[in-house]
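Atoms within each ligand, like the ligands themselves, are counted from 1 in listed order. What's counted below: heavy atoms across the whole structure, side chains too, no hydrogens, waters or symmetry copies. Note that the coordinates shown come from a computational prediction; the quantities given were computed from them, not determined experimentally.
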Amino acid sequence: MATMVNTVTGPIPVGALGRTLMHEHLFIAFAGAEYDPLAVLDRPAFIAEAVTRLVELREVHGVRSFVDPCPIELGRDVTMMKEISEKSGVHVVCTTGFYFEELGLPPYWRARTVDEIAELYVREITQGIGSTGIKAGAIKVATGAPDITELEKKFLAAACLAQRATGVPIITHTQDGVGGPEQQRLFADGGVGAHRCLIGHCCGNADPAYHRRVVDGGSYIGFDRIGILRLMPDETRADNLAKLVRDGFAKQVMMSQDRHCGWLGKYQRQVGAAEQAEMDRLRPLGKWPPPYSYMFTDFIPMLHARGVTQADIALMLDENPRRFFAAETLPG
Ligand SMILES: [Zn+2]
């Protein structure tokens with residue numbers, strides 16, 4: 001059983017996590033954006049905006065902790081996370097671990113062995129990230145679609161070694177709503193307990209049978225892209241989440257939104273003129289990127305309309321994250 005969790009401001013008792021969003025981001029920068037002369041980060045302005053948004057989460061919605069599983073190579077900036085955490089009074093947990101092959105995995109690390117990658121992960125958890133002294137509180141694993149590649153399997157194997165060496169949990173990215181059960185099988189092969197894994201982005205699959213396979217495998221299941229409507233309508237997410245609750249699996253559901261409040265340069269896809277105009281309209285209003293409060297203001301009411309109770313919400317947002325970081329087995 002783990003009693004402490006690493007946050008960017010230092011270790012805290014797992015009991016102090018409180019209401020926790022398990023998969024959100026503060027700042028994202030895809031590799032190469034730094035060469036775009038038009039991609040400029042106004043660091044003080046970004047930090048001020050992030051603090052405003054986290055303070056709203058804390059004061060209005062009772063959120064005490066915010067897990068930012070930013071992959072190492074997606075602009076992870078833990079000193080900026082620390083400053084935002086200190087100024088907002090919200091605990092921030094960062095992770096070690098790389099992204100998936102199609103959009104990440106730097107050439108230098110592709111050439112490393114499983115042991116060399118695991119050594120980096122363990123170092124970032126036990127000694128700190130770079131020279132910051134800031135320690136990762138979990139391990140990020142990411143795989144692509146339609147299949148998990150050999151390279152991704154190597155990084156996943158390294159994550160298993162680091163998990164067993166340090167005891168911190170694993171938070172995953174899956175792509176296109178597939179790959180969760182395959183990740184579970186690879187984690188089991190690597191000797192990692194299913195209850196130490198949060199299989200992310202499962203709400204990207206509309207089929208309740210897929211969700212059932214993941215929860216039957218004993219892992220936590222991420223309904224953690226709430227509000228990303230271009231990937232899935234929230235009505236479908238709400239229907240599927242309510243079904244999991246009805247079927248007795250609320251103890252395994254983690255709710256989050258995979259939102260961000262700062263992004264370096266342009267998006268990692270082409271944005272049409274109409275969509276760009278809408279972003280430009282919303283940004284000065286503080287509504288772009290879309291706020292973290294959406295889950296509370298818009299999505300949870302949809303769950304209530306489908307019979308999910310406030311006690312179910314508390315289980316998913318307060319108790320599940322604590323149990324996950326505490327390494328406790330699932331109840332019942
Ligand atoms: Zn994410």
Side-chain angles (χ1 to χ4, degrees), residues 8 20-31 33 46 50 53-54 57 63 65-78 80-81 84 90 92-106 121 124 129 136-145 148 152 155-156 159 168-180 183 197-205 214 219-232 234 237 253-265 267-269 288-295 299 317 320-321 324:
V8 294
T20 301
L21 297 182
M22 285 297 300
H23 192 133
E24 304 291 343
H25 299 285
L26 289 169
F27 176 74
I28 299 279
F30 271 85
F46 164 71
R53 289 174 180 229
L54 262 56
L57 273 183
V63 172
S65 300
F66 179 105
V67 180
D68 181 348
C70 183
I72 294 170
E73 76 274 43
L74 257 61
R76 186 188 62 175
D77 186 330
V78 295
M80 201 152 68
M81 290 184 197
I84 292 164
V90 174
V92 174
V93 176
C94 70
T95 60
T96 186
F98 290 103
Y99 210 32
F100 64 109
E101 182 168 356
E102 188 185 340
L103 294 180
L105 299 185
Y121 290 1
E124 292 203 330
I129 293 164
I139 302 165
K140 173 72 173 271
V141 166
T143 58
I148 299 177
E152 288 162 357
F155 284 81
L156 189 151
V168 304
I170 291 173
I171 299 170
T172 81
H173 167 103
T174 58
Q175 186 72 3
D176 300 343
V178 300
Q183 287 185 347
C197 305
L198 163 54
I199 306 299
H201 307 338
C202 293
C203 55
N205 190 316
V214 172
S219 295
Y220 290 87
I221 184 167
F223 271 61
D224 49 10
R225 284 185 150 174
I226 291 165
I228 306 188
L229 306 181
R230 68 186 166 80
L231 298 181
M232 185 67 65
D234 269 352
R237 286 192 180 91
V253 178
M254 300 287 202
M255 288 169 56
S256 209
Q257 304 162 109
D258 203 9
R259 289 190 168 186
H260 60 273
C261 85
W263 187 287
L264 189 63
Y267 281 117
Q268 198 60 24
R269 61 188 168 87
W288 192 270
Y292 303 119
S293 54
Y294 172 86
M295 192 171 86
F299 188 73
L317 293 181
N320 291 351
F324 180 61

Checking side-chain hydrogen bond (donor to acceptor under 3.5 Å, both in side chains) against S256, which of E24, H23, H201 comes through? E24
Using the side chain to side chain contact (heavy atoms under 4.5 Å, CB included) definition, which of the options V93, L26, I84, T20 pairs with F66? L26
Do the side chains of E124 and R76 get close enough for a salt bridge, i.e. N-O under 4.0 angstrom? yes
Do Q175 and T143 have side-chain atoms, one donor and one acceptor, less than 3.5 Å apart? no
Does E73 use its side chain to pair, donor to acceptor, with the backbone of A31 at less than 3.5 Å? no
Without swapping roles, check the side chain of Y292 against the backbone of H25 for a donor-acceptor pair under 3.5 Å. yes
Sphere of radius 2.8 Å around the Zn ion (ligand 1) - protein N, O or S atoms inside: H23 NE2, H25 NE2, D258 OD1
